[in-house]
Amino acid sequence: MGLLRRLLGREPAWVERWAVYPGEIGDGLAMYNIDLGAVEAAPVGRMPSRYDVDFTYAGDGAGGMPAEAELGAIHALDEAVRQALRGTGGAMVGRVVTAGTGRITGYLPDGATVPPLPDIPALSPVATLSPDPGWTRVREELTPDAWQRNIMEDNQVVQELEGHGDRLSQPRPVEFLAYFPQTEHAEAAAEDLRNLGFAVTVERGDEADFVLQAIRRDAVEPPALHEVTWEVRGVVERHDGSYDGWGCMVQV
């Protein structure tokens, strides 16, 4: 019955999986809040119309991000758009803010009518409805790139550490794992990582592959953390390996 309900449009076409990550638009910092479930499902045929809500904000005066006092209004607008789209059988898929401007994007069934936006003078929201059956905005503008996905994976571990009271700035042994189909590739990656100060071992795995373990003392505080993990990932992938992330003991 689940498949039938989905085909009839009575169940969501994806499972929501929201993530926040930075990026750039032009020369400015941008912050993305995107439903990765929607990104992976795109395009969804029964929602061919795109609904964009553009708004402005005063900002923090430095990086172009919203000021702390403006976040409540933005979250209220988010929720209003989310509920309005759900009421039409549609869904919100993301929000981007940069340089004093923001845009909330969602999709809804053809012919659906969205209720008026709430009056939020601080943001001056303006809504537009346009055809986008291919979900081009999602696929071309809202889909995270490899660097952004790396940041999201790092942040998942960081959030778990913070939940245990970790002092992220405290250096500690950080362990990375990777898998390789051939020992030559694993050893080549190991040599590159040793040159970067890692202690590295390569062992045969349980599934006819080769497991690389690399350990180095580092803090795990973003944004410096992202540079470290990106470098390790780059070495692994350059030698045809599969990067499997990192972990460490909690430091309190």
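Keep in mind that what you see is a predicted model, and the values were worked out from it rather than measured.
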Taking atom CE of Met92 and atom CG of Asn33, what is their separation to the nearest 0.5 Å?
6.0 Å
So His226 and Asn155, do their side chains get closer than 4.5 Å, heavy atoms only?
yes
In this structure, CE of Met31 is separated from CD1 of Ile25 (nearest 0.5 Å) by 11.0 Å
So, Gln148 side chain and Pro22 main chain: donor-acceptor pair closer than 3.5 Å or not?
yes
Could you state whether Ile34 and Ile74 fall into the same hydrophobic cluster, counting links through intermediate Ile, Leu, Val, Met, Phe, Trp or Tyr residues with side-chain heavy atoms under 4.5 angstrom apart?
no
Provide the closest heavy-atom pair for Gly90 versus Pro109 in the form atom of the first, atom of the second, distance.
N-CD, 3.9 Å
Quick one: does Arg217's side chain have a donor or acceptor within less than 3.5 Å of a partner on Pro171's backbone?
yes
Would you give the length of the straight line joining atom CG of Asp78 to atom CD1 of Ile104, rounded to the nearest 0.5 angstrom?
4.5 Å
Is there a donor-acceptor pair closer than 3.5 Å between any side-chain N or O of Glu70 and the backbone N or O of Ala58?
yes
Using atom types as modelled and distance alone, determine if a side-chain donor or acceptor of Thr143 lies under 3.5 Å from a backbone N or O of Glu140.
no
So if you build clusters from Ile, Leu, Val, Met, Phe, Trp, Tyr with side-chain heavy-atom gaps below 4.5 Å, do Met152 and Val174 land together?
no
Determine whether Glu141 and Val96 satisfy the following criterion, side-chain contact (heavy atoms from CB on, under 4.5 Å), listing intermediate values before the conclusion.
CA-CA 10 Å; Glu141 300 179 37; Val96 183; over 6 Å; no
Taking the side chain as every heavy atom from C-beta outward, state whether Val228 and Phe176 have any pair of such atoms under 4.5 Å apart.
yes
For a salt bridge (Lys or Arg N to Asp or Glu O under 4.0 Å) check, start with the C-alpha distance between Arg82 and Asp35, then their side-chain angles and the critical distance, and finish with the verdict.
CA-CA 12 Å; Arg82 187 191 313 273; Asp35 181 358; over 6 Å; no
Taking Trp135 for its side chain and Met47 for its backbone only, find out whether a donor-acceptor pair lies under 3.5 Å.
yes
Minimum side-chain heavy-atom gap Gln213-Thr201 below 4.5 Å
yes
Derivation and outcome, side-chain contact (heavy atoms from CB on, under 4.5 Å), residues Asp132 and Val138
CA-CA 10 Å; Asp132 186 9; Val138 171; over 6 Å; no
Within one Ile-Leu-Val-Met-Phe-Trp-Tyr cluster: Leu36 and Tyr107, side-chain cutoff 4.5 Å
yes
Does the side chain of Arg95 reach to within under 4.5 Å of the side chain of His75, using non-hydrogen atoms?
yes
Quick one: does Gln170's side chain have a donor or acceptor within less than 3.5 Å of a partner on Val252's backbone?
no
Determine whether Tyr243 and Val158 fall in the same hydrophobic cluster, where Ile, Leu, Val, Met, Phe, Trp and Tyr are linked whenever their side-chain heavy atoms lie under 4.5 Å apart.
yes
Between the side chain of Tyr57 and the main-chain N/O of Gly64, is any donor-acceptor distance below 3.5 Å?
yes
Under the criterion side-chain contact (heavy atoms from CB on, under 4.5 Å), I'd like the reasoning laid out for Val81 against Leu117: C-alpha separation, chi angles, the key distance, then a yes or no.
CA-CA 7 Å; Val81 172; Leu117 291 172; 4.0 Å; yes
Within the structure provided, determine whether Trp246 and Val232 are in side-chain contact (heavy-atom separation under 4.5 Å).
no
Donor-acceptor side-chain pairing of Gln83 and Glu79 below 3.5 angstrom
yes
Residue pairs fulfilling ring-ring contact (aromatic ring centres under 6.0 Å, His included) with at least one residue in residues 28-51, sequence neighbours excluded:
Tyr21-Tyr32
Between CD of Gln251 and CZ of Arg167, what distance do you get to the nearest 0.5 Å?
7.0 Å
Leu85 with Val126, same ILVMFWY side-chain cluster at under 4.5 Å:
no
Main chain of Val15, side chain of Arg17: is a donor-acceptor contact present, judged purely on distance under 3.5 Å?
no
Value rounded to 0.5 Å, distance of OH in Tyr179 from CG in Leu212:
10.5 Å
Main-chain N/O of Pro131 paired to Ser49 side chain as donor or acceptor, under 3.5 Å:
no
Heavy-atom closest pair (Pro125 atom, Ile120 atom, distance to 0.1 Å) is CD-O, 3.6 Å
Criterion side-chain contact (heavy atoms from CB on, under 4.5 Å) on Cys248 and Leu161, from CA distance to verdict
CA-CA 9 Å; Cys248 63; Leu161 292 171; 3.8 Å; yes
To the closest 0.5 Å, what do you measure between OG1 (Thr105) and CG (Leu142)?
5.5 Å
Joining Ile, Leu, Val, Met, Phe, Trp and Tyr whenever any side-chain heavy atoms lie under 4.5 Å apart, the cluster holding Trp147 also takes in Ile151, Trp230
Compare every heavy atom of Pro133 with every heavy atom of Pro43, then report the nearest pair and how far apart it is.
CB-O, 3.5 Å
Assess the side chains of Ser130 and Asp52: does a donor N or O sit below 3.5 Å from an acceptor N or O?
no
Is it true that a side-chain atom of Arg137 and a backbone atom of Arg50 form a donor plus acceptor pair closer than 3.5 Å?
no
Below 4.5 Å, heavy atoms only, C-beta onward: do Val39 and Trp14 meet side chain to side chain?
no
Mark yes when over 12 heavy atoms from residues, nucleotides or ligands other than Glu160 sit less than 6.0 Å from its CD; otherwise mark no.
no
For Gly205 versus Val211, what's the shortest heavy-atom pair and its separation?
CA-CG2, 3.8 Å
Does the side chain of Arg238 reach to within under 4.5 Å of the side chain of Asp192, using non-hydrogen atoms?
yes
May I have the step-by-step check of side chain to side chain donor-acceptor pair (under 3.5 Å) for Thr128 and Asp54, ending in yes or no?
CA-CA 8 Å; Thr128 57; Asp54 292 286; 4.6 Å; no
Minimum heavy-atom separation for Ala214 and Val200, please, with both atom names.
CB-CG2, 4.1 Å
Closest non-hydrogen atoms of Ser169 and Glu221, given as atom of the first, atom of the second and distance, are CB-OE1, 3.4 Å
Would you call Leu225 and Leu168 a side-chain contact if the rule is heavy atoms closer than 4.5 Å?
no
